[in-house]
Amino acid sequence: MIRLPAALILAVLMLLGLVAGSPAYASPPDEAENDDTGLHLLREAAIAGRNRGYAGTRHVTVWGRSGAFSSVLRVRNVPGQGLFVRTEPSGPIRRVDPGSPAGSMAAPSEAMLEVLARNYRVVEAGGEHACGRPARLVRVLRADGTLAARYWLDEAGGPVLRRELLDGHGRVVHTEALLDLVLDPARRVAGPALVAGGSDVGEAPRLLSMGWRLPTALPGRLELFAVHVLPTGYLYLGYSDGLSVVSVFVQSGVLDGEQLRGWHAQQRDGHTIWMRNSAEQETIWASGGHVYTVLADAPADTVDAAVAALPHEPVPTLWNRLGRGAHRLLSWANPFG
Amino acid sequence: MSHLGERVSALVDGELNHHERDRALSHLAFCASCRAEVDAVRALKNRLRSLDGPAMPADLTMSLLRMGDPGDPLPPRERPFPSSRTFGGAPIPSMHSVAPPDNRPRGRAAGPRRTRRVGYVAVGVASAAVAIGTLFVVGGPEPGPRVPPVDMFANQHSNTAPYGGSARPSFSPTP
Ligand SMILES: [Zn+2]
């Protein structure tokens, strides 16, 4: 085991801190000075998404790499108790975090909004209707001015009524919309206005000290927000640009492709990548003695770019091909071994 | 919601407003007979279009209407992994940008050991990764052929609130 100089560990922590705590882009967001005129509306809707009681039906459609996936959810938010979701027609009732994909990202934390604001311009775009209710439209723009997302926010202090993500070609690739909504009467809410939140990379220094290299960003402005070794022995890396989540799971071993029924294999530079048609755009591949699984609710082009940026050894290494008996062969072949 | 009826044609033509479209799509998710009708109308309109002039581009409406039951077999994407150095429109950053340490056995025959690069630049994002080679196995001492527990991963993925402070899911990680 290589002992690490304290200075190096400090440098690593500073690098992580740079990504976790402060803008990676040139101009830090300042709502008073820049064009993020819609950010306060998103914040209010996020607060309502946690603190205002409501019930409704939510329709979700995701256009993945090669098809669309739709689901209908009954949702009920009970302040202080949480967001309860049931997938129609017969799913179980689950309590979910309203800031998670399962909760339609309806109530992001303040830190998540900061990430959104430093990666995109968030502009108010006038009055509209959604779910049969008056709504404020907020447009989320990339640096080149193209549209990355649209939010329809309830005028009457309710949650996000509708949310769309668009890919780099301007196609709507993800829609979450309330079809009907019953808002509980407004109450004075005690408690935090908005969950402060923050990144969760406390395990990173230990992993770095063990030799892991963790990219703090992936293409598509995806920033590392979570690093965990799960109790089950998998490394989890979470990335987000403020709009979507890309989850990367790494486990040691060799991929048993024969058992991936229902998945289709794609060849790329002699390297096999397995994909399955699903709302999560599931992708699996093996590289260098590890198996990678990526799940995402981001546009397919973003997911593809993220997958491409992760390790791919185009030709299996000798160790992978020969398996665990290889060292004997090599010992024999290499007189210096 | 009753069957789509005459809204089928408007849906195929992309003439419904987004609220009506959402309602129609959510009906389609559960109604095979309306799906069949949408397919038939779409096929008919495609045939009519092909009679006059160039084919319509595959627009959003069309991709929208490709919707079937979740899990339905769908036509493969045309160009999922272009062999050029661009990928989904984005340039490919250098490989090995994330990488676990070299956990192959060491000190025996020393297979070719890659040099780890320090630093990595993604599209427009300065980023860094540190390279220190040493032994580490995440998944236990016996890495063998395996299939990832995708359902469990999907559960973790969909229950993780980014920048929520703690990314640990609050649910019990079953299925
Ligand atoms: Zn019907």
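Every chain is numbered from 1, with letters handed out A, B, ... down the list of sequences. Note that this is a predicted model, so its numbers are computed, not measured.
Residues satisfying the side-chain contact (heavy atoms from CB on, under 4.5 Å) criterion with B:Ala10, sequence neighbours excluded, are B:Glu15, B:Leu16. Take A:Glu258 and apply the side-chain contact (heavy atoms from CB on, under 4.5 Å) test, not counting sequence neighbours, and it matches A:Asp256.
Shown here for A:Glu282 and B:Val150, the closest heavy-atom pair between the two residues is OE2-CG1, 3.2 Å. Contact detail for A:Arg276 and B:Asp151: the closest heavy-atom pair is NH2-OD1, 4.3 Å. The two residues A:Ser109 and B:Pro162 have their closest heavy-atom pair at OG-O, 4.1 Å.
Here the OG1 atom belonging to A:Thr293 is positioned 10.0 Å from the CE atom belonging to B:Met152, to the nearest 0.5 angstrom. Here the CZ atom belonging to A:Arg95 is positioned 11.5 Å from the CG atom belonging to B:Asn159, to the nearest 0.5 angstrom. The NE2 atom of B:His27 lies 12.5 Å from the OG atom of A:Ser70; values are rounded to the nearest 0.5 Å. Interatomic distance, CD of B:Gln156 versus NE2 of A:His228, reported as 7.0 Å (0.5 Å rounding). Within the model, atoms CZ of B:Arg21 and OG1 of A:Thr61 stand 8.0 Å from one another, a figure rounded to the nearest 0.5 Å.
Ranking A:Ser278, A:Pro98, A:Ser247 against chain B, the residue ahead of the rest is A:Ser247, based on heavy-atom pairs under 4.5 Å. Between chain B and the options A:Arg94, A:His129, A:Gln259, A:Glu280, heavy-atom pairs under 4.5 Å are most frequent for A:Gln259. Ranked by heavy-atom pairs under 4.5 Å with chain B, the first of A:Gly238, A:Cys131, A:Gly103 is A:Cys131. Your options are A:Val115, A:Asp167, A:Val291, and the one with the most heavy-atom pairs under 4.5 Å with chain B is A:Val115.
Between B:Thr160 and A:Asp97 the shortest side-chain heavy-atom distance does not fall below 4.5 Å. Counting only heavy atoms from C-beta outward, the side chains of A:Asp200 and B:Tyr163 never approach each other to under 4.5 Å. Side-chain contact between B:Pro149 and A:Phe249 is absent, with no heavy atoms from C-beta onward closer than 4.5 Å.
If you measure heavy-atom distances from A:Pro89 to chain B, the contacts under 4.5 Å come from both the backbone and the side chain. With a threshold of 4.5 angstrom between heavy atoms, A:Val245 approaches chain B through its backbone and through its side chain. Only the side chain of A:Thr175 comes within less than 4.5 Å of a heavy atom of chain B; its backbone N, CA, C and O stay farther away. Heavy atoms of A:Ile284 lying under 4.5 Å from chain B belong exclusively to its side chain. If you measure heavy-atom distances from A:Val60 to chain B, you find no contacts under 4.5 Å at all.
The ring of B:Phe153 has its center no closer than 6.0 angstrom to the ring center of A:Tyr236.
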